[in-house]
Structures are given as structure tokens and as C-alpha cells.
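These notes concern the structure reproduced below.
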Amino acid sequence: MTEPSRRAIVTGLAAAAFAPSPPASSGEGRNPKPFGFEAVEARARELAAAPFDLREPALPPQLAKLDYDAWRDIRFKPDKAFLNAADSPYRLQLFHPGFLFKRPVTVNLVRRGVATPIPYQASLFDFGRTKIEKPLPVDLGFAGLRIHTNLNKPNLLDELIVFLGASYYRFLGRDQLYGLSARGLAIDVEGSAGAEEFPFFREFWVETPEARSDPLVLHALLDSPSLAGAYTFTVRPGEESSVSVRASLHPRREIATISLAPLTSMYFIGENDRQASDDYRPELHDSDGLLMAAGTGEWLWRPLDNPRARRISSFADSNPKGFGLLQRDRSFEDYQDLEASYHRRPSYFVEPEGAWGEGSVMLMELPTDNETADNVVAFWRPKAPARPGEPVRIAYRVRAMGRDDLHRNARVANTYVVGAAASGAARASEAGPALTRRFLVDFTGGDLAYWLPEPGGVEVVATASPGRIVATSLVPNPHIKGLRAAIDVRCEAAGDASELRVFLRSGGHALSETWTYTWVAA
């Protein structure tokens, strides 16, 4: 991606049109195979064997000219929701094409193994103040879908998950508000070959649950110039809702920049980055760090940043245990925002199923001057490129978390970056380059409360490359029942980008996750 406008992309891209599938159960024989992931995979394989279809059906002019407010005023009628049987815990609603959502997507219902397309009907929607003068075509299709369920209260239907735009989807756990997004797939996020490629879902199949206890199961057909893919999403609502993803990807060409299980978020300002110091709100972000569970068992925390220029970080690994974009600051006082409620934004954590092999967890951070731009992307990049004739099959679970209890060691609570001088001392002149900085890292949880009376038994393990560690210290921080480490780092020249790593150790055993940070001497 070349500009920090990913949230606009999420809003402005819709899935491309695809002719409705014939019923999957209409094959030969009296006992056709019930519709499922294998049927979508067969379609993806056939689609990848043909050239990418560039055709884009034109919306009727009266829909194409709608602005955002007029399109948003077209709302699905709740009493028309699908999956509305008395024993169903879910309700399916659809989004109307229009505005920037110019290419419709087909949505099917699957009941007892039989897939049936949902035909477009204007009567499904309340057009509000938006006036549509002429009848709309019956093959118009939809822009996307969303599912409601009794997420927060047993007598109230709340939105659980939404698929709208390219391969983006968002879902919630209990008492959470939308923030970051997940995606089915990304290609060339860095834009090394030009503009980023955005794969999109052409078609969805939503299974009708047979019992109230059944999870929600959706299948999706993905397409893009570079590949086609089959997906199954198994959604389990709860205090910590989760989405299990199974995918089979079929490349049309060799793809060295395939990006699996991508997550997209926003970071504007926080305790380690105060560019917008005139804002009364101390922090503004949907996520404040990247957490990684390495295949070796090490846990790493990378605080997010709003960099001055695009920054791409790569963390090589083999068979990772997980990664995610987390929102660790969970109190209202961290943000002081009565409207956005950033403290209720979910964390998404990806947990692989099976061995993913060699590759890297990648993090891209883009500069932004406002809180409306999604400027952070995290994903898994396999070491080996994807090649035609060699399907890429992957499975993982994404968790929407409100708590941060993924490991037992101490975790990073705060990161502060200041000049390397004692409090109250005169600061060095700003005329020259700032080649030495002090990093204050608060660790909390784990076994640190035990060490508060006598922190001398805890060692600060710090490295910098390039650069050197000038000094370290460790003091109790009783306010978080933890310890505060201070690390002074010096680089030799302005422009040096130093990779810093810090963790706490006692008796040869790690007491904390590893804090990692990129500092560019200025």
C-alpha cells in the first residue's frame, strides 16, 4: 500500500460480481454430495485455471451517483433477515450496492447440503431518504453481509461479524466495539511491484444451523488477478468470539509477496509517540502493539509507532505459535474519548493450526496525520513463493480478545522514549542529532510482584544492533505491581536504525516477554 488510507480502502472496496452458482446439489445421481468446502475448492481451482475476468458490471446510474450518506441511508429491514427460524441464534442481513460498492457479490443459503442463491429484491431494504426513481434489475446482487446474534444480552440481537469490501471482515466479542479488521488475503502489501493487489470475495455460502448450539459456518470464493481461493469461516460467538479459517489458494502466477492471515489497524498517538501533542486525548489507536509467539517459545512485544516514513519490520520464524495486533491500554483514562471508546476495541490474535513452516511475521507502519486512517498491517509471509499448480493450504483461528492473558510471564505495560538525562536536569541542545535516547519499559504481571521488595535479583537483558547499550537500571513500579527498566542507547550517526531487544531474567530464566523496538537516531 502506498498511502495511509487503508480505512478508506476498507470502506470503498466491495467484492466483485460473479454469476450465481448453480445449486451445488444438482449433480448427477440421486444422492448428490452435500455442499461444503470441497465444492468451493473445486470452483476456485477451475477459476484459477482461467484468465482473471476483468469485467466490471456497471451499476445503474441512480446507484452509482449516490454519496456515502445516501448509500448509508439504505438499510436492510430487520424483519426480512434470513436464518430467522425460531431455533436459530443468528440473523443474516445484506448490504445494498451503491456509492463505492460498485461490484455486487452473490450470497447463497445452504440448508441440508443444498445451496440456493438469495435473489435481489428492493423490498428487502428501507431506502429512507434515498430516492430511487426507476425499478432496479433483479440480478443486482449485494455489496456484502453481516450476521447478528445474542452476543451481549439474551434478549438483544447485536452485530457479530460483517464481510464488506474486498476480503475484509470484522467481528466482535462481548462488550467490544469495532476497531481493527481482518482480511482473507493480501498480496504485495509493500507495493514493491506497483499498487497493492486486493483480492476480493466473489461469492458467499451461509450454512443454516441445525441447532442453537451450532457455530456459524460461511464459505467464500476469493478471486484476484494473481490467484483464486476457497475459504470456510467457522464463527463462535462469546465473551471472546473466534473465527476459525480454512483456506485453499490456487495461484495463477508465481507470488513471492503473498500475505497470509493479514490484520489491519490504526495507530495515531500513544505514550511512546506524541506527535499530536495539542490533542487533549493522550492516546488514539485501535491497537498499540504487535504480539508474537515464536516457534521457539519466546514471546515478543513490538509497540506500534506512527513513523515519519513507511517502516517495514520482519521477524523471521519457523512454525510460529501465533501473532496479533493487541489493544493493551484498557482504561478510559488512557484515551479520555467519550465517543470513540478506544478502550473497548478488540485485540485480534492469530493462532496457526498445523505447521506453517519457515517465513516471517511482517509489520508495516505508515505515517498518518489523523485517526481515521488504517496505517498498520501485520501478516505472515511464507519463505517459499506460491506457484501455479501448487495449492497453498492454510488453517488458523483468529480470537477477538478483551483481556491479555496469552502467556504467564510478565508483559509490557508501557513504553516511553525520552532524552538520556536525569529528571529535572538540563536537556541537551536540540541543534545537533539526538544520538542517545532513554527507553523506559514497564513490565507487569507474571512473577514480578514477588520481586518488588528486592528487585536486585532481576537482571535487565538488553541488546542494540546497530548501536550500543550505555546504561541500564531497574526500579519497582508499585502502581502496576511490576518493574520499570531504563535503557540508554547510543547510535554512532544520525539515520542509524537500531533494533532494540529487552527482557527481564532471574537465575537464567526469563521473567518477561521480550520488548523489541526500532529506533531511528535523528
Side-chain angles (χ1 to χ4, degrees), residues 1 3-18 68 71-72 93-107 141-147 159-172 176-189 195-204 206 216 218-224 226-233 235 241-245 247 249 258-266 286-287 324-325 345-350 364 366 372-380 394 396 398-400:
M1 193 182 79
E3 298 179 0
S5 56
R6 192 167 296 271
R7 179 161 297 167
I9 292 173
V10 174
T11 305
L13 286 176
F18 192 71
Y68 174 74
W71 172 77
R72 192 171 179 270
Q93 296 188 12
L94 303 164
F95 289 97
H96 199 283
F99 182 46
L100 299 177
F101 299 89
K102 298 183 182 301
R103 295 198 266 181
V105 60
T106 301
V107 181
F142 306 99
L145 62 89
R146 61 181 178 178
I147 305 291
E159 192 166 290
L160 168 64
I161 189 169
V162 56
F163 290 84
L164 181 65
S167 67
Y168 286 87
Y169 63 98
R170 299 194 292 178
F171 65 104
L172 296 171
Q176 297 174 0
L177 299 176
Y178 280 134
L180 79 168
S181 301
R183 279 197 276 173
L185 189 69
I187 296 176
D188 197 18
V189 171
E196 178 182 351
E197 183 174 321
F198 287 89
F200 51 82
F201 290 127
R202 284 187 177 273
E203 191 164 3
F204 288 96
V206 183
L216 174 71
L218 307 92
H219 308 283
L221 179 66
L222 179 134
D223 198 10
S224 80
S226 297
L227 57 69
Y231 282 75
T232 291
F233 300 92
V235 187
S241 296
S242 67
V243 178
S244 295
V245 183
L249 307 173
I258 194 168
S259 306
L260 304 176
L263 305 174
T264 298
S265 193
M266 179 277 293
D286 289 333
S287 307
L325 293 174
R345 305 297 171 98
S347 300
Y348 283 0
F349 194 75
V350 175
M364 186 172 75
L366 299 172
T372 64
D374 280 353
N375 61 323
V376 177
V377 189
F379 53 90
W380 172 255
I394 189 170
Y396 55 92
V398 188
R399 297 163 60 181

Closest approach of [X] and [Y], non-hydrogen atoms and distance?
| X | Y | value |
| --- | --- | --- |
| Leu222 | Ser167 | CD1-CB, 3.9 Å |
| Leu177 | Pro346 | O-CD, 2.9 Å |
| Pro97 | Pro104 | CG-CB, 4.4 Å |
| Phe201 | Ala220 | CD2-CB, 3.5 Å |
| Ile187 | Ser226 | CD1-CB, 3.9 Å |
| Ala166 | Phe198 | CB-CB, 4.5 Å |

By ring-ring contact (aromatic ring centres under 6.0 Å, His included) - contacts of Phe171 (at least two apart):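 By the ring-ring contact (aromatic ring centres under 6.0 Å, His included) rule, Phe171 matches Tyr348.
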According to side chain to side chain donor-acceptor pair (under 3.5 Å), who are the partners of Ser259, at least two apart in sequence or on a separate chain?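 By the side chain to side chain donor-acceptor pair (under 3.5 Å) rule, Ser259 matches Arg381.
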For Gln176, side chain to side chain donor-acceptor pair (under 3.5 Å) partners two or more places apart: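 Testing Gln176 for side chain to side chain donor-acceptor pair (under 3.5 Å), a comparison that skips the adjacent residues, returns none.
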With a 3.5 Å distance limit and no angle check, can you tell me whether [X] reaches the backbone of [Y] through a side-chain donor-acceptor pair?
| X | Y | answer |
| --- | --- | --- |
| Ser265 | Val376 | no |
| Arg170 | Phe163 | no |
| Ser224 | Pro199 | no |

Gap between atom [atom2] of [Y] and atom [atom1] of [X] - 0.5 Å precision:
| X | Y | atom1 | atom2 | result |
| --- | --- | --- | --- | --- |
| Thr264 | Tyr168 | OG1 | OH | 4.5 Å |
| Leu160 | Leu172 | CG | CG | 7.5 Å |
| Ser181 | Tyr169 | OG | OH | 10.0 Å |
| Arg183 | Phe379 | CZ | CZ | 9.0 Å |
| Leu325 | Leu180 | CG | CG | 6.0 Å |
| Leu218 | Leu216 | CG | CG | 4.5 Å |

Any side-chain heavy atom of [X] sitting closer than 4.5 Å to one from [Y]?
| X | Y | result |
| --- | --- | --- |
| Met266 | Asn375 | yes |
| Phe233 | Ile161 | no |
| Leu185 | Leu249 | yes |
| Ile394 | Val245 | no |

Determine the interplanar angle of the Tyr68 and Trp71 rings, folded into 0 to 90°, and report it as parallel if under 30°, tilted if 30 to 60°, perpendicular if over 60°.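 Rings of Tyr68 and Trp71: tilted, 30 to 60°.
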Aromatic ring proximity Phe101/Phe95, centre distance under 6.0 Å: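 So the answer is no for these two rings.
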